[in-house]
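Note sheet for the following structure.
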Amino acid sequence: VQLQASGGGLVQTGGSLKLSCTASGPAFNRYAVGWFRQAPGKEREFVAAKPRNNDRIIYEDSVKGRFTISRDKNAVYLQMDSLKPEDTAIYYCAASNTIILSSLRTWSMYATWGLGTQVTVSS
């Protein structure tokens with residue numbers, strides 16, 4: 001499977017953006033999907049993940065209640081509301097074969113990555 005992210009941009013504090021990650025290739029629904037982000041000078045950080053069985057969803061604590069991950073047959077989305085300057089980063093979508101929910105917080109568990117999309121939140 002190949003992934004391509006889009007939807008980033010410049011937004012003011014409190015604004016919203018919706019990121020999309022389009023998948024090409026077979027059996028995308030067999031993969032767990034996740035979003036990560038990386039700010040300048042910082043390590044890649046987990047944001048949200050959705051297992052392949054559409055059961056529980058996990059979020060990084062700082063985005064709970066503000067971000068929503070969802071998916072359909074060929075894409076995964078990240079709705080971002082109440083954005084803050086600290087959300088500024090390059091956002092990446094990724095796909096994983098793991099079925100262990102807690103493992104989805106770890107970027108090394110994802111074998112397939114899309115190119116990032118820049119999100120900038122101005123204060």
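A quick note: this is a predicted structure, and the numbers were derived from the prediction, not measured.
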query = Between R30 and V1, is any pair of side-chain heavy atoms under 4.5 Å apart?
reply = no
message = Is it the case that the side chain of T112 and the backbone of A94 share a donor-acceptor pair, with hydrogens and angles ignored and the cut-off at 3.5 Å?
response = no
message = Can you tell me how far apart CG (L104) and CH2 (W35) are? Round to the nearest 0.5 Å.
response = 15.0 Å
Exercise: identify the closest heavy-atom pair between G34 and I69 = CA-CD1, 4.5 Å
message = Contact between P51 and L101 at the side-chain level, heavy atoms closer than 4.5 Å - yes or no?
response = yes
V47 with M80, same ILVMFWY side-chain cluster at under 4.5 Å = yes
message = Against R66, only a single residue in D87, D81, D61 fulfils salt bridge (Lys or Arg N to Asp or Glu O under 4.0 Å); can you say which?
response = D87
Pairwise distance OG(S123) to NZ(K84) - rounded to 0.5 angstrom = 14.0 Å
inquiry  = Rounded to the nearest 0.5 Å, what separates atom CD1 in I90 from atom CZ in R37?
reply    = 13.0 Å
key: Connected via hydrophobic side-chain network under 4.5 Å: F67 and V11   = yes
ask   = Below 4.5 Å, heavy atoms only, C-beta onward: do T98 and Y110 meet side chain to side chain?
value = no
Other residues, nucleotides, ligands: >12 heavy atoms within 6.0 Å of Q4 CD = no
ask   = If you take all heavy atoms of A32 and R71, which pair is closest and at what distance?
value = CA-NH1, 4.2 Å
task = Decide if atom CD of Q2 counts as having more than 12 heavy atoms of other residues, nucleotides or ligands within a radius under 6.0 Å.
result = no
key: Distance (rounded to the nearest 0.5 Å) between F36 CZ and R105 CZ   = 9.5 Å
Residue pairs passing the ring pair (Phe, Tyr, Trp, His ring centres under 6.0 Å) test where at least one lies in residues 86-109, sequence neighbours excluded = none
inquiry  = Could you list the cluster mates of Y77? Members are the ILVMFWY residues connected by side-chain heavy atoms closer than 4.5 Å, either directly or through other members.
reply    = none
Rounded distance (nearest 0.5 Å) linking atom CG of N97 with atom OG of S103 = 12.5 Å
query = Is the backbone of V121 close enough, under 3.5 Å, to the side chain of T88 for a donor and an acceptor to pair up by distance?
reply = yes
ask   = Do F46 and I57 belong to the same hydrophobic cluster, where Ile, Leu, Val, Met, Phe, Trp and Tyr are linked whenever their side-chain heavy atoms lie under 4.5 Å apart, directly or via other members?
value = no
message = I'd like to know if the side chain of T106 and the backbone of S108 have a donor-acceptor N/O pair within less than 3.5 Å.
response = no
query = Which value, rounded to the nearest 0.5 Å, describes the distance between S20 atom OG and N74 atom CG?
reply = 12.5 Å
ask   = Under the side chain to side chain donor-acceptor pair (under 3.5 Å) test, which residues partner E86, sequence neighbours left out?
value = none
ask   = If you look at every heavy atom in A48 and Y59, which pair is closest and at what distance?
value = CB-CD2, 3.5 Å
query = In terms of heavy-atom contacts, does CG of L10 have more than 12 from other residues, nucleotides or ligands at under 6.0 Å?
reply = yes
inquiry  = Looking at T117 and A5, would you say the former's side chain and the latter's main chain have a donor-acceptor pair under 3.5 Å?
reply    = no
note = Closest heavy-atom pair, F28 versus A23, reported as atoms and distance to 0.1 Å, is CD1-CB, 3.4 Å
query = Less than 4.5 Å apart, any side-chain heavy atom of V76 and any of K50?
reply = no
request  = For residues C93 and V33, determine if any side-chain heavy atom of one lies less than 4.5 Å from a side-chain heavy atom of the other.
outcome  = no
